[in-house]
Structure formats: structure tokens, C-alpha cells
Novice: 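Sharing a structure, written as C-alpha cells. Questions coming.
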2 protein chains.
Amino acid sequence: MIKFNRTTEYGLMALRHMSRKQLMDPSEVTSAREVADTYGLPFEITAKTLLRLKDSGLIQSAHGAKGGYTLQKSLEQISLAEFLDLMEGRQSLVACAIDSDESLLDCAYGNRCEIKHVMGRLNEKVARFLSGIQLSEITQESFNKGSSP
Amino acid sequence: MIKFNRTTEYGLMALRHMSRKQLMDPSEVTSAREVADTYGLPFEITAKTLLRLKDSGLIQSAHGAKGGYTLQKSLEQISLAEFLDLMEGRQSLVACAIDSDESLLDCAYGNRCEIKHVMGRLNEKVARFLSGIQLSEITQESFNKGSSP
DNA sequence: TGAAATCGGACTCTAGCTATCGTATATCAG
DNA sequence: CTGATATACGATAGCTAGAGTCCGATTTCA
């Protein structure tokens with residue numbers, strides 16, 4: 001149903017880590033090794049995740065020793081919908097309602113199912129919901145109250 | 001990310017089918033064979049799906065020839081959150097934020113990740129969103145009331 | 001020159017979704 | 001009573017995407 005995959009999760013953790021680190025000193029760089037070690041994540045996947053974030057333009061990279069990544073876009077400028085799109089690819093709620101005009105002729109179920117456009121509506125509703133959430137909302141600490149340590 | 005699995009999709013199609021059929025004559029029964037044939041779905045899975053809906057109390061069954069299923073609860077009484085819970089089991093957005101108190105000690109990532117309760121908040125936000133959607137909204141043809149098209 | 005970093009491809013492993021088969025039981029029509 | 005059509009249920013195989021691993025190449029700093 002509704003579940004982030006691991007790379008999305010890793011990506012959020014990395015962005016949050018970098019965001020907090022650069023809060024004081026914006027020139028601070030973060031390596032994949034640092035993120036992986038800090039949170040106990042598998043290095044290879046963490047590296048791939050950060051690379052993907054870089055290819056998407058969310059962060060920028062510096063090669064070589066003392067290299068690493070720095071935030072390029074403000075996390076307030078990125079919606080959760082956009083982020084999920086980058087990390088997991090655009091997907092539809094149901095098999096018959098992928099919002100591509102050409103890949104779908106009528107309906108996966110022999111066009112006897114009229115549910116398609118109805119699900120399309122629901123799909124848009126979800127998309128609007130996700131677009132209304134900024135990454136900064138997620139990565140920031142303080143929009144909550146006392147949950148125990 | 002956000003994607004229904006097939007049984008959920010089949011379930012929605014079946015419920016919609018039954019709902020429209022019973023609109024005129026509430027005593028009409030619907031068999032798994034009928035649903036499967038109408039929409040070109042695999043019979044076995046359709047049958048299992050309807051059985052699941054019956055076990056969940058959404059529909060009721062009649063054995064034997066001329067038997068089949070009838071709606072038991074109004075689709076306005078069922079939220080999408082509830083339905084997804086029944087069909088796919090309760091799930092969390094992220095691995096570290098499953099809302100079970102006992103199964104999770106600190107955090108899947110060696111409790112060095114403070115993102116858990118933040119994700120928990122997001123999780124609740126999504127749950128509220130899904131709880132606000134009724135199945136009748138999805139299964140009915142036009143639901144443009146209120147929201148902009 | 002070597003250590004540490006990004007970059008990239010190819011691969012295995014696995015869980016969960018999807019589908020199929022076989023069988024038992026219940027009910028109605030004739 | 002018998003056959004047709006239902007639900008009910010378990011076992012199992014196939015498939016796909018997610019998750020992780022392995023190996024190597026390139027770049028940069030000290």
C-alpha cells in the first residue's frame with residue numbers, strides 16, 4: 001500500500017543529516033561513508049542513494065579525498081511528491097490508471113472496467129496531498145511536542 | 001511508494017460492481033465468477049478476494065447454487081484507510097516507524113537515528129488523509145462535490 | 001604515491017505479490 | 001438422487017521488484 005522503499009528512507013535520513021550539519025557551517029561536506037556509519041546503513045546503497053540525489057540536483061558533489069556532498073536546494077523547495085517521484089519513479093495507485101496517455105489504450109482489464117477515470121481522480125487527490133508536504137517538514141525536528149526519548 | 005496491490009484493486013472493482021447492481025434491487029447476489037468474467041480477472045484470486053471481504057464483514061455470502069455475495073455494510077461507512085488495512089495489512093511509511101510498541105525497541109538503525117518520531121508524525125498525517133476518504137467516493141461515478149475538479 | 005572519496009556496472013538473494021491447481025462442502029433445480 | 005453451480009480452503013509454483021554485495025574506475029588531497 002503506502003510504504004517508502006529503503007532508498008527513499010535512506011535519502012531522507014541523509015538529507016536531514018546534511019541539513020542539520022550545514023545549519024551552522026554551510027560549507028561542511030558529508031560523505032556517503034559518514035552517513036552510512038552514523039546510522040548503521042549499508043555503505044554501497046547509501047552511496048548509490050546519494051549519487052541519485054546528486055543526479056536529481058538536490059545535492060552537489062565534490063570528488064576526491066575531503067570530497068563529499070553538500071545541499072544544493074533548500075528542503076523547503078522540495079515537496080514529498082517530487083522527492084518520491086525522484087526516488088521511486090512516478091507510480092499510480094492502480095494498474096489501470098497510470099497517467100501516461102500513450103502506454104494505455106483503454107484499460108488493463110479489457111476496457112470493460114469503468115473504474116479507470118474514477119481511480120485517476122483518487123490518484124490526483126493523493127498527488128495533491130503529497131505535493132502539500134515539504135521535505136523540510138519531515139527533516140526538521142520541531143513541529144512536534146514531547147514524545148518520550 | 002503509494003500503490004495498491006492487485007487484490008485491493010480487485011476488491012474495489014467487486015465492491016463497485018455489487019454496489020451498482022444492488023442500487024436497484026438490494027436482494028441481488030453477485031458471484032465471484034460473475035465479477036471475474038465481467039472484468040476479465042483471474043477467477044481464483046477474485047474468489048479469494050471476495051472471501052476476504054466476507055471475512056472482514058464488508059459483504060455476506062450465500063452458499064450453493066444461486067448463491068453469491070451481497071453488500072453488508074454501506075460503502076459510506078468504510079474509509080479507504082480501513083479498507084487498505086483489511087486488504088493489505090497495516091503498514092508504516094518507513095521501516096523504523098511501525099506503530100507497534102513492543103516490536104520496536106528503539107530504532108531499526110541502532111537508535112542513532114532520531115528520525116523515527118518525525119516519521120511517525122508523517123505516518124499519522126497520511127493515515128488521517130486516508131481515513132477522510134470513503135469507499136463510496138471511489139466507487140461512485142462522479143464525486144465532484146466540494147473539491148475542485 | 002597512497003588514502004579517501006565519487007562514480008558505475010553486474011550480480012545474487014530474498015520476500016512478497018500473483019497466479020494456479022486440487023479438493024471439500026453447501027445449495028438449488030430437475 | 002443427481003448434476004450444476006456456488007463458497008471455502010490449503011498447497012504450491014512463478015515472477016517481479018526491492019535490497020544488498022562485489023568489483024572496478026576515476027578524481028583529489030596530503
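Below, chains carry the letters A, B, ... as their sequence lines are ordered, and counting in each starts from 1.
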Novice: Once side-chain contact (heavy atoms from CB on, under 4.5 Å) is applied, do any residues pair with A/Ala47, and if so which ones, sequence neighbours excluded?
Specialist: A/Ala32, A/Phe43

Novice: Going 5' to 3' along DNA chain C, which are the first and last nucleotides with any atom under 4.0 Å from a heavy atom of chain B?
Specialist: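 Listing 5' to 3', DNA chain C meets chain B from C/dT18 to C/dC28.
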
Novice: Could I get the full list of side-chain hydrogen bond (donor to acceptor under 3.5 Å, both in side chains) partners for A/Thr7, not counting sequence neighbours?
Specialist: A/Asn5

Novice: Between D/dA17 atom C1' and A/Glu88 atom CD, what is the distance in whole Å?
Specialist: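 Nearest whole value for this atom pair: 12 Å.
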
Novice: Do the non-hydrogen side-chain atoms of B/Phe4 and B/Leu12 ever get within less than 4.5 Å of each other?
Specialist: yes

Novice: Using whole Å, report how far CG of B/Leu53 lies from P of D/dA8.
Specialist: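 For the pair B/Leu53 CG and D/dA8 P, the rounded distance is 11 Å.
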
Novice: Sort me out a list of protein N/O and nucleotides 9-16 of chain D N/O pairs below 3.5 Å, or just none if empty.
Specialist:
from: D/dG10; atom 1: O6; to: B/Lys48; atom 2: NZ; distance (Å): 2.8

Novice: Atom pairs under 3.5 Å, N or O on each side, protein against nucleotides 3-6 of chain D: can you list them with distances?
Specialist:
from: D/dT5; atom 1: O2; to: B/Ala65; atom 2: N; distance (Å): 3.2
from: D/dA6; atom 1: O4'; to: B/Gly64; atom 2: O; distance (Å): 3.2

Novice: Does anything in residues 44-69 of chain B form a ring-ring contact (aromatic ring centres under 6.0 Å, His included)? List the pairs, not counting sequence neighbours.
Specialist: none

Novice: Can you list everything that forms a side-chain contact (heavy atoms from CB on, under 4.5 Å) with B/Leu86? Sequence neighbours excluded, please.
Specialist: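 Only B/Ser56, B/Leu58 meet the side-chain contact (heavy atoms from CB on, under 4.5 Å) criterion with B/Leu86.
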
Novice: In this structure, how many angstroms lie between the C1' atom of D/dA17 and the CG atom of B/Asn5, rounded?
Specialist: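 Result: 14 Å.
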
Novice: Who are the side-chain hydrogen bond (donor to acceptor under 3.5 Å, both in side chains) partners of A/Glu34, not counting sequence neighbours?
Specialist: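 If we apply the side-chain hydrogen bond (donor to acceptor under 3.5 Å, both in side chains) test to A/Glu34, skipping adjacent residues, the hits are A/His17, A/Lys21.
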
Novice: Heavy atoms, side chains only, cut-off 4.5 Å: are B/Phe129 and A/Val126 in contact?
Specialist: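 Of all side-chain heavy-atom pairs linking A/Val126 with B/Phe129, at least one is under 4.5 Å.
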
Novice: Identify the residue among A/Thr139, A/Ile133, A/Leu135, A/Leu15 that makes a side chain to side chain contact (heavy atoms under 4.5 Å, CB included) with A/Ile78.
Specialist: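 Exactly one pass, corresponding to A/Leu135.
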
Novice: Quick one: salt bridge (Lys or Arg N to Asp or Glu O under 4.0 Å) pairs with a partner in residues 54-77 of chain B, sequence neighbours left out?
Specialist: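 Listed once each, the pairs are B/Lys73-B/Glu82.
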
Novice: If the condition is side-chain contact (heavy atoms from CB on, under 4.5 Å), which residues does B/Gln60 pass it with, not counting sequence neighbours?
Specialist: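 So B/Gln60 forms a side-chain contact (heavy atoms from CB on, under 4.5 Å) with B/Thr70, B/Gln72.
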
Novice: Which whole-number value in Å describes the distance from B/Phe43 CZ to D/dA8 C1'?
Specialist: 11 Å

Novice: With sequence neighbours left out, write down each residue that passes side-chain hydrogen bond (donor to acceptor under 3.5 Å, both in side chains) with B/Ser31, or none if nothing qualifies.
Specialist: none

Novice: Figure out the CD1/C1' separation between A/Ile45 and D/dA17, and round it to whole Å.
Specialist: 13 Å

